[in-house]
Structure formats: C-alpha cells, structure tokens
Student: 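The structure's right below; bear with me while I get my questions together.
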Protein chains: 2
Amino acid sequence: MQITIDIESSVPLFAQLIAQIKQAVQQGNKKPGDALPSIRQLANDLNLNNKTVAKAYRLLERDCVIQTRGYRGTYVHPDARENSLVDLNELVTEKLKSAIAALRASGATDSEIRVAFAAIMSSGDA
Amino acid sequence: MQITIDIESSVPLFAQLIAQIKQAVQQGNKKPGDALPSIRQLANDLNLNNKTVAKAYRLLERDCVIQTRGYRGTYVHPDARENSLVDLNELVTEKLKSAIAALRASGATDSEIRVAFAAIMSSGDA
DNA sequence: ATATGTACCATGTTACAGCATGGTACATGT
DNA sequence: ACATGTACCATGCTGTAACATGGTACATAT
C-alpha cells in the first residue's frame with residue numbers, strides 16, 4: 001500500500017486514508033477481492049492510531065468500498081469500483097443545501113440556523 | 001421597562017432581552033404603538049453594550065414584534081401580539097429535522113452531516 | 001446641538017465539537 | 001498462542017463560532 005499521510009494537512013487523517021484507498025480502487029491498483037492490510041498493520045506502517053484506521057475502514061465499509069470478514073481480514077468489495085465513485089457527501093450536501101436555502105429565504109439568520117442544527121444533532125431526536 | 005438581565009445565565013444577553021420584550025407584549029404590558037426605550041438608553045439602563053441591545057432589536061423587528069422608525073424611535077408593532085407567539089426557530093427546527101432525518105436514513109453519519117453542514121454555511125453559497 | 005437607528009473597524013473570552021491518541025477487553029476462528 | 005474486527009473506558013489538542021465588548025462615523029430629522 002503506497003499511502004502517504006500528511007500530518008500537517010488540515011484534512012483529517014482518516015479522510016486522507018479514505019480518499020487514497022478509494023483512489024487506489026478507481027485507478028485499478030486495488031481490484032475487487034484484493035486483501036487490504038489489517039487495521040493494526042496499517043496503523044503501525046503509517047504511525048497512526050488503530051482507531052484512526054478503524055474509523056476509515058468503518059466508513060469505507062459502509063460505502064461498500066471494502067468488506068470486512070471478521071478474523072479473515074478486510075478485502076475490496078466486489079462493486080468497489082462504482083461504489084467508490086458514488087460520493088454520499090454530495091447527496092448529503094445537496095439535500096442540506098436546498099433545506100438551508102429555504103430557511104434563509106424565510107429570513108432566518110445563519111446563526112439561528114446553526115443553533116437549530118446544533119440542537120437537533122445533539123439531542124439524538126430527529 | 002422592568003427588564004432583568006442575568007449575567008451569570010448561559011442564555012445570551014440579547015436572547016434574554018428578546019424573550020422579556022416578547023413576554024411583555026404577550027402579557028399586555030406593552031401594547032401595539034407603545035414606545036420602547038432607545039437602544040442607547042436601554043443599553044445604559046441595563047449596563048449593556050449598544051450592540052447587544054441593537055442585536056435584540058434587529059431580531060425583534062425582523063420578527064415583526066417591534067418597528068423602528070429611524071430617528072423617531074422604536075415602537076411595538078401593530079401585530080406584535082400574534083407575531084410574538086410565532087417562533088421562527090420552531091419553523092427552522094422542523095424543516096431541518098426532516099432534512100436531517102432523511103439523510104440519516106440514507107446512511108449518513110452524524111459526523112458527515114455536520115461536515116457538510118459546516119461546508120455549506122461557511123461558503124455563503126447556498 | 002441632540003437623538004435616533006445603523007454601519008463599519010476591531011478585540012478577547014468562552015464553549016463546544018471534531019480529531020487523534022492511549023489502554024483494555026471481547027468473540028471470532030486459524 | 002495468534003490475529004482479525006470491534007467495542008468500551010478515557011485524555012488532550014485545536015480550530016471555530018458565538019457572544020459581548022470597544023470606538024468611530026453616517027444620514028436622518030427634531
């Protein structure tokens with residue numbers, strides 16, 4: 001795994017990991033079924049904490065880019081190629097954008113929108 | 001104006017002002033057309049900064065609870081009674097709630113929703 | 001002159017959330 | 001015994017934004 005982590009970057013480490021693994025899949029350097037380094041292994045190689053790598057893996061699995069098979073290790077998902085292109089963030093961003101635009105049009109202050117947002121997110125009640 | 005400001009409270013000063021003025025309107029202590037103290041006057045009485053009172057007045061006017069008539073001073077809005085009951089925050093909260101609920105259902109992490117939200121709000125582009 | 005609301009420049013403090021880290025522990029199956 | 005992913009306990013750093021403050025200035029109209 002040729003992964004480069006930039007500690008100085010403002011991009012979170014787990015996000016750098018996700019981006020680079022997705023990129024490797026898209027470029028064909030990692031094909032469906034290929035094995036990925038274990039969490040502990042990769043964390044050790046990159047001098048990262050296990051949790052950081054685990055977080056990246058967890059998100060990647062949720063997006064069906066990788067597959068964890070318990071004790072058997074982690075592998076590239078069969079549909080990784082296309083799934084790595086689908087960016088959940090874009091979907092999230094679009095939906096939020098329209099909602100926020102509507103609120104701004106209603107005369108709500110950005111500050112008020114932030115406060116309401118924080119209130120909703122903190123109290124798991126959605 | 002019998003307004004009590006609690007410096008120790010976690011409720012922002014401008015929010016305390018808004019709440020108490022709305023309350024005065026709802027209880028009939030302030031009727032439509034009544035004059036309100038000037039920004040500088042009220043700020044002086046309560047030992048607050050002009051900006052803090054101005055912020056409260058600005059929000060109150062946006063909600064059509066008060067009316068500023070330039071150099072002529074500030075007065076209670078004709079429809080202040082009902083407008084003081086309408087809480088824009090509730091509207092904002094409801095709209096955001098549904099949007100967020102949909103995103104969570106899509107599998108988005110709270111963390112990701114926060115990130116997308118921050119990105120949208122910081123880049124005035126909506 | 002005086003007073004109104006409003007606008008711009010700016011600062012410091014505080015609170016919160018994300019990020020990353022550490023350690024320990026578990027069920028799983030080789 | 002060993003390694004896998006996963007889960008819980010916890011801490012400290014950092015950046016951001018809200019809050020409140022200060023000063024100055026303007027057009028308005030009495």
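In what follows, every chain begins at residue 1, and chains take the letters A, B, ... in the order their sequences are listed. This structure is a prediction, so every number in the text was calculated from the model and none was measured. Just so you know, these numbers use all the heavy atoms, side chains as well, and skip hydrogens, waters and symmetry mates.
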Student: Considering residues at least two apart in sequence or located in another chain, which fulfil the salt bridge (Lys or Arg N to Asp or Glu O under 4.0 Å) criterion with B:Asp34?
Tutor: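 In terms of salt bridge (Lys or Arg N to Asp or Glu O under 4.0 Å), with neighbours along the sequence ignored, B:Asp34 is linked to no residue.
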Student: Please answer whether the main-chain N or O of A:Ser84 pairs with a side-chain N or O of A:Gln26 as donor and acceptor at a distance below 3.5 Å.
Tutor: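 Here the side-chain-to-backbone pair exists.
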Student: Can you measure B:Leu60 atom CG to C:dG5 atom P for me and round it to whole angstrom units?
Tutor: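 Taking CG of B:Leu60 and P of C:dG5, I get 13 Å after rounding.
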Student: Among pairs that include at least one residue of residues 63-79 of chain B, which meet side-chain hydrogen bond (donor to acceptor under 3.5 Å, both in side chains), considering only residues two or more places apart or in two chains?
Tutor: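 For residues 63-79 of chain B: B:Glu61-B:Thr68.
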Student: Using whole Å, report how far CD1 of A:Ile66 lies from C1' of D:dG5.
Tutor: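 Spelled out: CD1 on A:Ile66 to C1' on D:dG5 is 11 Å.
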Student: So, does B:Thr52 use its side chain to make a donor-acceptor pair with the main chain of B:Leu48 at under 3.5 Å?
Tutor: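 Pair absent, no side-chain N/O of B:Thr52 close to backbone of B:Leu48.
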Student: Where do A:Arg40 and A:Val53 land on the side-chain contact (heavy atoms from CB on, under 4.5 Å) test, with the steps shown first?
Tutor: CA-CA 8 Å; A:Arg40 291 176 177 81; A:Val53 180; over 6 Å; no
Student: With respect to the phosphate group of D:dG22, does any side-chain polar atom (N or O) of B:Asn49 fall under 4.0 Å of OP1 or OP2?
Tutor: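 Result: yes.
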Student: Can you name the closest pair of heavy atoms from A:Asn83 and A:Cys64 and give their distance?
Tutor: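 So the minimum-distance heavy-atom pair works out to ND2-O, 2.9 Å.
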Student: Applying salt bridge (Lys or Arg N to Asp or Glu O under 4.0 Å), name anything that partners A:Arg62, two or more places apart in sequence or on another chain.
Tutor: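 Scan of A:Arg62 (salt bridge (Lys or Arg N to Asp or Glu O under 4.0 Å), adjacent residues dropped) gives B:Glu112.
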Student: What is the distance, to the nearest angstrom, from the CD atom on B:Glu8 to the P atom on D:dC19?
Tutor: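 Rounded to whole Å, this separation is 18 Å.
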Student: Below 3.5 Å is the cut-off: list the nitrogen or oxygen pairs between protein and nucleotides 27-30 of chain C, distance only.
Tutor:
unit_1 : atom_1 : unit_2  : atom_2 : d
C:dG29 : O3'    : A:Tyr71 : OH     : 2.4
C:dT30 : OP1    : A:Tyr71 : OH     : 3.2

Student: Whole angstroms only, please: what is the CG-C1' distance between B:Leu48 and D:dG22?
Tutor: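 The distance from CG of B:Leu48 to C1' of D:dG22 comes to 14 Å, rounded to the nearest Å.
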Student: Please confirm whether the backbone N or O of B:Val11 pairs with a side-chain atom of B:Ser9, one donor and one acceptor, at under 3.5 Å?
Tutor: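 At least one qualifying donor-acceptor pair exists.
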Student: To the nearest Å, how far apart are A:Leu46 CG and C:dC19 C1'?
Tutor: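 These atoms are roughly 17 Å apart.
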Student: Between the protein and nucleotides 6-10 of chain D, list every N/O to N/O distance that falls short of 3.5 Å.
Tutor:
unit_1 : atom_1 : unit_2  : atom_2 : d
D:dT6  : OP1    : A:Thr68 : OG1    : 3.4
D:dT6  : O4     : A:Arg40 : NH2    : 3.4
D:dC8  : N4     : A:Lys51 : NZ     : 2.7

Student: Any idea which heavy atoms bring B:Ala99 and A:Ala99 closest together, and the distance?
Tutor: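 B:Ala99 and A:Ala99 have their closest heavy atoms at CB-CB, 3.9 Å.
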Student: What is the separation between atom CZ on B:Arg62 and atom C1' on C:dG5, rounded to the nearest whole Å?
Tutor: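 Rounded to whole Å, this separation is 18 Å.
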Student: Of all the heavy-atom pairs spanning A:Gly28 and A:Lys31, show the shortest one and how long it is.
Tutor: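 Result for this residue pair: O-NZ, 3.3 Å.
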Student: To the nearest Å, how far apart are B:Leu36 CG and C:dT4 P?
Tutor: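 Distance check: B:Leu36 CG to C:dT4 P gives 13 Å.
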Student: So does B:Thr74 get a side-chain nitrogen or oxygen closer than 4.0 Å to the phosphate oxygens (OP1/OP2) of C:dG5?
Tutor: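 B:Thr74 to C:dG5 OP1/OP2: side-chain N or O found under 4.0 Å.
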Student: Could you check how far CD1 of A:Ile7 sits from P of D:dC13, rounded to whole Å?
Tutor: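 Nearest whole value for this atom pair: 17 Å.
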Student: Is there any protein nitrogen or oxygen under 3.5 Å from a nitrogen or oxygen in nucleotides 15-18 of chain D, and what are the pairs?
Tutor:
unit_1 : atom_1 : unit_2   : atom_2 : d
D:dA18 : OP1    : A:Arg114 : NE     : 2.5

Student: Of the non-hydrogen atoms in B:Ile113 and B:Arg104, which two are nearest, and what is the gap between them?
Tutor: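 Looking at all heavy atoms of both residues, the closest pair is CD1-CG, 3.9 Å.
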